[in-house]
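Step one of this worksheet: look at the structure below.
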Protein chains: 2
Amino acid sequence: MKRELNKKGLKATPQRIEIIKFLSSTKSHPSAEDVYKFIKEKFPTISFATVYNTLITLKNTGDIKELSIDPERKRFDMDLTPHDHFFCRKCKRVYDIYDLLRGYKIKIEEIDEHQVEEISLYYTGVCRDCKNKIGKEVTKI
Amino acid sequence: MKRELNKKGLKATPQRIEIIKFLSSTKSHPSAEDVYKFIKEKFPTISFATVYNTLITLKNTGDIKELSIDPERKRFDMDLTPHDHFFCRKCKRVYDIYDLLRGYKIKIEEIDEHQVEEISLYYTGVCRDCKNKIGKEVTKI
DNA sequence: ATTAGTGCAAACACTTTGCACGGGT
DNA sequence: ACCCGTGCAAAGTGTTTGCACTAAT
């Protein structure tokens with residue numbers, strides 16, 4: 001990990017390493033705040049600015065992606081394999097989606113003369129967990 | 001227009017009518033601030049809260065859609081025909097995109113057991129206008 | 001008359017920045 | 001030794017709310 005960072009001209013600070021470890025281990029698509037809270041557990045002196053700066057840096061190196069699926073905050077994803085996302089408007093969780101459409105989309109480099117750099121397919125609704133919870137609540141009445 | 005509003009139990013205030021007129025006449029996918037600035041021209045006493053409240057109301061009645069394609073702010077679209085969007089990261093303009101993928105997407109009501117309510121396909125990159133501008137700037141060097 | 005909607009201002013929440021200190025190279 | 005990165009705090013930006021007044025039904 002130190003090697004990869006240095007190769008890109010970045011310093012391998014313990015804070016950065018922790019952040020990268022966390023991001024590559026989770027599938028929760030955390031917000032900056034989420035990352036901050038998690039790292040602060042094992043690294044109580046870390047500041048939000050450091051987390052924020054690191055996220056920007058990693059975004060610029062292309063090591064993480066910023067998702068705008070959550071209308072309330074930016075979410076981050078270190079899984080760079082082509083996939084889409086489902087956002088639950090109840091619990092705010094973001095799920096990975098692997099589906100057939102991806103095959104069509106990745107070919108597009110230009111549309112209506114616009115230069116396409118990225119394509120995001122976002123599904124929004126109620127996730128399987130929340131769907132079930134709602135069902136249980138209703139039967140309680 | 002008054003009739004449609006009343007039918008939904010909404011009062012047809014002049015402010016609302018102006019906002020709806022503007023939204024249905026533009027393809028610019030304005031932000032709340034954009035709407036406010038535009039309406040304020042002809043309606044100097046209008047407050048931002050009124051614009052904001054109206055946008056929420058229209059979103060709840062399903063008359064407008066909230067786009068999360070612009071990472072910096074929410075954008076609104078009154079064009080309810082099925083279509084997608086392209087976001088230019090240079091000029092921040094949002095363009096409508098009508099393409100083939102739409103046909104596949106609109107059939108999906110459930111994915112991975114999640115209940116899908118909406119599908120958004122967002123393209124991001126540099127639009128045709130900005131692409132050309134950049135080209136001109138480069139040749140000036 | 002009733003009740004929703006407006007306008008003003010303040011509060012929020014998330015994001016971004018400036019700067020002095022400290023640690024990685 | 002150099003300079004990037006950290007930590008702290010403050011500022012910025014867009015979003016949301018409370019409340020008294022006004023207007024639409």
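Proteins get letters first, then strands, A, B, ... in listed order; numbering begins at 1 in each. It should be emphasised that the depicted structure is a prediction, and the values quoted were computed from it without experimental measurement.
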Counting heavy atoms from C-beta on, name the nucleotide in C:dT25, C:dG7, C:dT6 closest to the side chain of B:Ser47. C:dG7
Go through D:dT16, D:dA23, D:dG5 for me and flag the one nearest to the B:Tyr52 side chain. D:dT16
Respond yes when some side-chain nitrogen or oxygen of A:Gln15 is under 4.0 Å from OP1 or OP2 of D:dG7, and no when none is. yes
Scan side-chain atoms only and decide if B:Asp34 and B:His29 contain a donor-acceptor pair under the 3.5 Å cut-off. no
OP1, OP2 of D:dT25 versus side-chain N and O of B:Lys2: anything below 4.0 Å? yes
Is there a salt bridge (Lys or Arg N to Asp or Glu O under 4.0 Å) between B:Lys131 and A:Glu110? Walk through the geometry before answering. CA-CA 12 Å; B:Lys131 216 169 43 174; A:Glu110 189 168 302; 3.8 Å; yes
B:Ile46 has an atom CD1; how far is it from atom P of D:dT22, in whole Å? 17 Å
Any A:Asn6 side-chain nitrogen or oxygen under 4.0 Å from OP1 or OP2 of C:dT25: yes
Give the cluster check for B:Leu58 versus B:Ile17: same hydrophobic cluster or not, with ILVMFWY residues linked at side-chain heavy-atom distances below 4.5 Å. yes
Nearest whole angstrom, please: distance from the P of C:dT15 to the CG of A:Asn53. 14 Å
Hey, which sits more toward the 5' end of DNA chain C by its nearest nucleotide, A:Pro14 or A:Ile56? A:Ile56
A:Leu55 has an atom CG; how far is it from atom C1' of D:dG5, in whole Å? 14 Å
Between atom CD1 in B:Ile39 and atom P in C:dG7, what is the gap in whole Å? 11 Å
Whichever of B:Ala49 and B:Arg16 has the more 5' nearest nucleotide on DNA chain C, that residue is B:Arg16
Considering only heavy atoms from C-beta outward, does the side chain of B:Ile19 approach that of B:Ile46 to under 4.5 Å? yes
Describe the nucleic acid contact of B:Ser31 in one word from base, sugar-phosphate, nothing, applying a heavy-atom distance below 4.0 Å. nothing
Quickly work out the B:Lys37 NZ to D:dG14 C1' distance and round it to whole Å. 12 Å
Taking A:Val51 as the starting point, is it possible to reach A:Leu10 by hopping between hydrophobic residues whose side chains are less than 4.5 Å apart? yes
In whole angstroms, the gap separating P of C:dT25 from CD of A:Glu4 amounts to 13 Å
What's the closest nucleotide to the A:Thr50 side chain, out of D:dT17, D:dT6, D:dA24? D:dT6
Report the distance from atom NZ of A:Lys7 to atom P of D:dC4, rounded to the nearest whole Å. 21 Å
Of the listed nucleotides C:dG5, C:dT15, C:dG24, the one nearest the side chain of A:Lys11: C:dG24
Looking at A:Thr54, does any N or O in its side chain come under 4.0 Å of the phosphate oxygens OP1/OP2 on D:dG5? no
OP1 or OP2 of C:dG7 under 4.0 Å from side-chain N/O of B:Thr45: yes
Pairs involving residues 41-50 of chain B, ordered by first then second residue, that meet side chain to side chain donor-acceptor pair (under 3.5 Å) (sequence neighbours left out): B:Ser47-B:Thr50
In whole angstroms, how far is the P atom of D:dG14 from the NZ atom of B:Lys92? 11 Å
Look only at the side chain of A:Ser24 and the backbone of A:Lys21, and say whether a donor-acceptor pair between them is shorter than 3.5 Å. yes
Relative to the 5' end of DNA chain D, which residue comes earlier, B:Phe48 or A:Gly9, by the nucleotide with the nearest heavy atom? A:Gly9
Taking ring-ring contact (aromatic ring centres under 6.0 Å, His included) as the criterion, tell me which of B:Phe22, B:Phe76, B:Phe48 meets it with B:Tyr36. B:Phe48
Contact list for DNA chain D against residues 64-78 of chain B - heavy-atom distance below 4.0 Å: B:Glu72, B:Arg73, B:Lys74
